[in-house]
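Read through the structure below, which is laid out as structure tokens, and then see the notes.
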Amino acid sequence: MIDLDAGDDDTVEIDPSEVWSINWDSFRVFVALATQWRAVGVGRVILRTGLRYDEVDRMIERMGVDRAVFWDVQVMEAVALPILNEVDE
């Protein structure tokens, strides 16, 4: 198991065999961006509107991975947004 810091005092345990090797760089970049979400306050709720793309670019460069990872991160962002913005009623 690998412990990855997901931000907000959460730690995510990932079994490396659950992430295909072809997606590993994309996954690593996405997790590294855990604190780089744009957010707006609506009443008492904070809604995430998307990742800060300047930071996505910077992280890809910093981690030395292929630029094509950007498109994978956008797909993960689109899937994550509705989950992150679920509101308990």
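Since the model is a prediction, treat every value here as computed from it, not as a measurement.
- Note that CH2 of Trp71 is 12.0 Å distant from CG of Asp66, once rounded to the nearest 0.5 Å.
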Worked verdict on Trp37 versus Thr49 for side-chain contact (heavy atoms from CB on, under 4.5 Å):
CA-CA 7 Å; Trp37 290 91; Thr49 61; over 6 Å; no
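- The local environment of CD1 in Ile46 is sparse, with at most 12 non-hydrogen atoms from other residues, nucleotides or ligands closer than 6.0 Å.
- Under the 4.0 Å criterion applied to side-chain N and carboxylate O atoms, Arg58 and Glu55 are assigned as salt-bridge partners.
- Between atom CZ of residue Arg62 and atom CG of residue Asp57 there is a gap of 11.5 Å, rounded to the nearest 0.5 Å.
- One N or O on the side chain of Asn85 and one on the backbone of Leu81 form a donor-acceptor pair closer than 3.5 Å.
- There is no path of hydrophobic side-chain contacts, each under 4.5 Å, that joins Val73 to Phe27.
- By the criterion of side-chain heavy atoms lying less than 4.5 angstrom apart, applied directly or through intervening Ile, Leu, Val, Met, Phe, Trp or Tyr residues, Leu84 is grouped together with Phe30 in one hydrophobic cluster.
- At a cut-off of 3.5 Å, with distance as the only test, no side-chain donor of Tyr53 or Gln36 sits close to an acceptor on the other residue.
- Minimum interatomic distance between Glu77 and Gly50 (heavy atoms only, all atoms of both residues): OE2-CA, 3.1 Å.
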Stepwise side-chain contact (heavy atoms from CB on, under 4.5 Å) check, Ile60 with Arg67: CA-CA 7 Å; Ile60 288 170; Arg67 295 271 319 133; 4.0 Å; yes
Q. Checking side-chain contact (heavy atoms from CB on, under 4.5 Å) for the pair Leu33/Val31: CA distance, chi angles, key distance, verdict?
A. CA-CA 5 Å; Leu33 293 164; Val31 170; over 6 Å; no
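- Hydrophobic clustering (side-chain heavy atoms under 4.5 Å, transitive across Ile, Leu, Val, Met, Phe, Trp, Tyr) keeps Val69 apart from Ile22.
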Practice problem: Begin with the C-alpha distance, continue with both residues' side-chain angles, and end with the deciding distance and a verdict on side-chain contact (heavy atoms from CB on, under 4.5 Å) for Met63 and Arg28. | Solution: CA-CA 9 Å; Met63 295 178 83; Arg28 286 179 43 236; 3.1 Å; yes
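- For the pair Arg52/Val56, no side-chain contact is recorded, criterion being any heavy-atom separation below 4.5 Å from C-beta on.
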